[in-house]
Number of protein chains: 4
Amino acid sequence: MTGTRPTRRKRANGVESRQRILDAAVQIASERGYEGTSIAAVSARCGLPASSIYWHFKDKDDLLAAVIERSFETWLAALDLPGEETGTPLQRFVAVGAAVAASLVNAPDFLRLGLMLALERRPEEPRGRAVFLQVREVARQRFIEVIETLLPGLDPADVRTVVTYALAGADGLFLQREIHGDAVDLAAMFELHARLVYEAALRMAPGASHDHAKP
Amino acid sequence: MTGTRPTRRKRANGVESRQRILDAAVQIASERGYEGTSIAAVSARCGLPASSIYWHFKDKDDLLAAVIERSFETWLAALDLPGEETGTPLQRFVAVGAAVAASLVNAPDFLRLGLMLALERRPEEPRGRAVFLQVREVARQRFIEVIETLLPGLDPADVRTVVTYALAGADGLFLQREIHGDAVDLAAMFELHARLVYEAALRMAPGASHDHAKP
Amino acid sequence: MTGTRPTRRKRANGVESRQRILDAAVQIASERGYEGTSIAAVSARCGLPASSIYWHFKDKDDLLAAVIERSFETWLAALDLPGEETGTPLQRFVAVGAAVAASLVNAPDFLRLGLMLALERRPEEPRGRAVFLQVREVARQRFIEVIETLLPGLDPADVRTVVTYALAGADGLFLQREIHGDAVDLAAMFELHARLVYEAALRMAPGASHDHAKP
Amino acid sequence: MTGTRPTRRKRANGVESRQRILDAAVQIASERGYEGTSIAAVSARCGLPASSIYWHFKDKDDLLAAVIERSFETWLAALDLPGEETGTPLQRFVAVGAAVAASLVNAPDFLRLGLMLALERRPEEPRGRAVFLQVREVARQRFIEVIETLLPGLDPADVRTVVTYALAGADGLFLQREIHGDAVDLAAMFELHARLVYEAALRMAPGASHDHAKP
DNA sequence: TATGAATGAGACTTCATTCAT
DNA sequence: AATGAATGAAGTCTCATTCAT
């Protein structure tokens, strides 16, 4: 009873433990997928007993959903979208692509985990999968709005096509980088991707001159 | 009905049993991924006891590598590439895209399983992952040759860029369809992809008019 | 009967459970050897589920090493070596033999298990085997010191010979009793052994009359 | 139909296969004991399929009994007992010890396997254990006769004591060598053993001068 | 806020053995 | 004289989870 602060030993308890568990779980889930992530492995990596994990999370499914959620927040924080509307539409398009590319290099867990979950088709869908798909759907809607703003008058079906193609390219380039590592220059690839998508959208817009379409 | 006793069960038949096991394993692995594929589940689906699976395959890893191998062969058989050189280069390019799209709709197991494995990063890599990456590398090399033939004089770095972008798009579009199902018209998306890739390659080639490149 | 509820089962008690497991394992290992000791059999005999055994021991090898360790301690506790230096050297020698004989009758597990393990030559040596050999080497060294004290001036090579012969006799007599049961009077045999070893050592010592050595 | 010998391909069939199986089984049983000797391991080491082993042997127990039997014969063939009665009784005694020592160095399988089996106490005794104990009992009886011939008039109880001690020493010294390898000079140890046993027997005989027995 | 201990279910794999050829 | 294939039982061990403290 010498100092002023009353019994505050071991510092930050609950919150810090929760973070340690999530940190461990992200790593292991990234390595081994949903089924491959065992509570015992998470426990071993974070140093807390398995029963403590169940104090913080209802069950394994809950833990992995939390992992997805937190990795989404981390990714969102890493996503530094260009602020004001400067430059030509194409330039802004390319800048968005650059921001996404950078975020995927710096915070790849969200997409990696999400795609892993998305590829599986098990009868009882993990909650984490639903979280990923829902978050992704939000992003998709927002992107649709962007395109609609950029190219008003574009047919809704064409908007969906462009957005689907844009997202597919992003996923695919990310995969490429996951597979081949630094051999893939994600920034350069995303710039190319942004240009191609932009042009494709432009050409679909009413009044566009289809000069390249066919020779 | 003298000579046709209807498939007397239990009559040892190695080849057929192996197929039955692989059939069951492809289905389950497609649903649940590598770890999620339990020998018991495969045994239940194919009707052979678990111990019989070990007569045909050394262990689970060996089984799943065989699954990848066979699903690759199945996919290759489903891939009906356009034969002779008819039409313009762009038309041929688009035709290849159409063939790939169709093969991925009809025989999606190879890419689905492969991408699942490719996304994982476990310390001791499953053999199936290595098989997938190796097969994919072969395809990549062949595609590089195609591009080089089509556009001689293209800078090697540009060839790699184009090929990476082409594969990324294929993977990404496939993913999109896996996630959203029939809402994605793979044929249409692949035609768009083929056109964009072709144009991009064309524009990189020496002597092309770089009118869109930078403002 | 208010304060004595009779050993409420299921009340987690690590120490006691560990003992129960070891008790069961010693019995079964004594009957059936290393490979013959199945976790299921231990589980059945101690009443704890197999998975609980793995809470207390890393794996089967770890369990059997612990069995060896504990049976050594049990044997050591049963080994009531004569305390002070009373009587002639021969008498003291014989008294040690008697103590060892008694300990082997009362606590035979250590040597039985140890010899079982020692006889095997498997490529990856069980840890229990190493524990046995190491403990035995300590005993051997201590016995060497005893001989050196008793018969100073004895050639080191002769000391080793005497000690090897003494241990061999102990092992062999124990084996004889394991095989023929009570038909072997271990006490009498160890007395004979003690006398013979003592005489042999005496005769090797410098200054002894080598009348029998060689004709 | 060109040569004289009619279809004799692959040479020596049944007999040779049986030998190959036994050769493999001796090795594996020496390494891993009774339970540790799996049919699959024997099959792998001898190159014949497991089902072929069952053509030659009724079951695993039968195989291991045959292993014991054959290793006994091998040992007996290696045991080159001194022929005629030359030299003093002690010299003959020592010569027998030397022959036994040599046989155990050259053909150790029989005793190694036998002692492994003898130490176990499983409810349903393996047939190999019975074979070993029976063969050993024959040897014991023959040794009793030798002692009775050598020292007529020796009390039957003393004869049994001497024989038990002699066998125990042999077993123990063999064990020592199994454990410590070439560090144990089995020939020298057996000579010492022979001398000590001989003297002990001599001293028990009626009319002997008990000068060392008790102080 | 945690955790030591326990537990049934189920994972992968090997076992000894049989059977039809 | 042999063997490819099959099989139920059993092996070791891990799983997700719970519970009393």
Side-chain angles (χ1 to χ4, degrees), chain A residues 10 12-18 35-43 48-63, chain B residues 8-18 35-43 47-63, chain C residues 8-18 35-43 47-63, chain D residues 10 12-18 35-43 48-63:
Chain A
K10 263 202 169 179
N13 19 21
V15 178
E16 198 217 317
S17 289
R18 196 172 198 275
E35 296 261 5
T37 301
S38 78
I39 299 294
V42 174
S43 158
L48 294 168
S51 47
S52 292
I53 296 176
Y54 281 87
W55 196 90
H56 291 277
F57 303 93
K58 187 175 140 313
D59 55 19
K60 176 175 159 173
D61 205 50
D62 191 39
L63 168 61
Chain B
R8 180 140 62 101
R9 276 208 287 154
K10 304 294 134 68
R11 179 73 147 302
N13 182 342
V15 179
E16 197 218 313
S17 291
R18 198 172 196 274
E35 297 261 3
T37 301
S38 80
I39 298 293
V42 175
S43 159
L48 291 167
S51 49
S52 290
I53 296 176
Y54 283 88
W55 169 261
H56 294 278
F57 302 94
K58 190 174 109 21
D59 54 20
K60 180 175 159 171
D61 203 51
D62 191 37
L63 169 60
Chain C
R8 180 141 61 101
R9 276 207 289 156
K10 302 295 134 70
R11 179 70 147 304
N13 183 342
V15 178
E16 197 217 314
S17 292
R18 197 172 198 275
E35 297 260 5
T37 301
S38 80
I39 298 294
V42 175
S43 159
L48 290 167
S51 50
S52 290
I53 296 177
Y54 284 89
W55 169 261
H56 294 277
F57 303 94
K58 189 173 110 23
D59 56 18
K60 181 175 159 173
D61 203 51
D62 190 37
L63 169 60
Chain D
K10 264 201 168 177
N13 18 19
V15 179
E16 197 217 317
S17 290
R18 197 173 198 274
E35 297 260 6
T37 301
S38 78
I39 299 293
V42 174
S43 158
L48 294 168
S51 47
S52 292
I53 296 176
Y54 282 86
W55 196 90
H56 290 278
F57 303 94
K58 187 175 140 313
D59 55 19
K60 177 175 158 172
D61 205 51
D62 191 39
L63 168 61

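No hydrogens, no waters, no symmetry mates; every other heavy atom, side chains included, goes into these values. Every chain is numbered from 1, with letters handed out A, B, ... down the list of sequences.
- Of the candidates F:dG4, E:dT3, E:dA16, the closest approach to any side-chain atom of D:K60 belongs to E:dA16.
- Rounded to whole Å, the distance from CG on D:D62 to P on E:dT17 is 10 Å.
- Phosphate proximity of E:dG4 to A:S51: absent, as no side-chain N or O sits under 4.0 Å from OP1 or OP2.
- Nucleotide F:dA16 holds its P atom 10 Å from the CD1 atom of A:I53, rounded to whole Å.
- Distance A:L48 CG to E:dT3 C1': 10 Å, rounded to the nearest Å.
- Computed from coordinates, the C:K58 NZ to F:dT12 C1' distance equals 12 Å when rounded to whole Å.
- Look at C:H56 and you won't find any side-chain N or O under 4.0 angstrom from OP1 or OP2 of E:dG4.
- If A:A50 and B:E35 are placed on DNA chain E by their nearest nucleotide, the residue sitting closer to the 5' end is A:A50.
- Heavy atoms only, all atoms of each residue included: C:D62 and C:D59 are closest at N-OD1, 2.9 Å.
- Checking the phosphate oxygens (OP1, OP2) of E:dT3, a side-chain nitrogen or oxygen of A:S52 falls inside 4.0 Å.
- In this structure, CD1 in C:I53 is found 11.0 Å from NZ in C:K60, a value given to the nearest 0.5 Å.
- Between the P atom of E:dT14 and the CG atom of B:D59 lies a distance of 8 Å, rounded to the nearest Å.
- Side-chain atoms of C:I39 and C:L63, non-hydrogen and from C-beta on, do get closer than 4.5 Å to each other.
- Rounded to whole Å, atom C1' of F:dC15 lies 15 Å from atom CG of A:D61.
- Dashed line: the shortest gap from a side-chain N or O of D:S38 to OP1 or OP2 of E:dT14 is not under 4.0 Å.
- The distance between atom CD of B:E16 and atom C1' of F:dA6, rounded to the nearest whole Å, is 13 Å.
- Using a 4.0 Å heavy-atom distance criterion, D:T37 is classed as a sugar-phosphate-only contact.
- Of the candidate nucleotides E:dT17, E:dT7, F:dA5, E:dT17 has the atom lying nearest to any side-chain atom of D:Y54.
- OP1 or OP2 of E:dA2 sits under 4.0 Å from a side-chain N or O of A:S17.
- Under the Watson-Crick or G-U wobble criterion, with both distances below 3.5 Å, E:dG10 is paired with F:dC13.
- In this entry the distance linking CG of A:L63 with P of F:dT17 reads 10 Å, nearest Å.
- With a cut-off of 3.5 Å on both Watson-Crick or G-U wobble distances, the partner of E:dT21 is given as F:dA2.
- For the OP1/OP2 pair of F:dA2 and a distance below 4.0 Å, the side-chain nitrogens and oxygens of D:W55 include no atom meeting the criterion.
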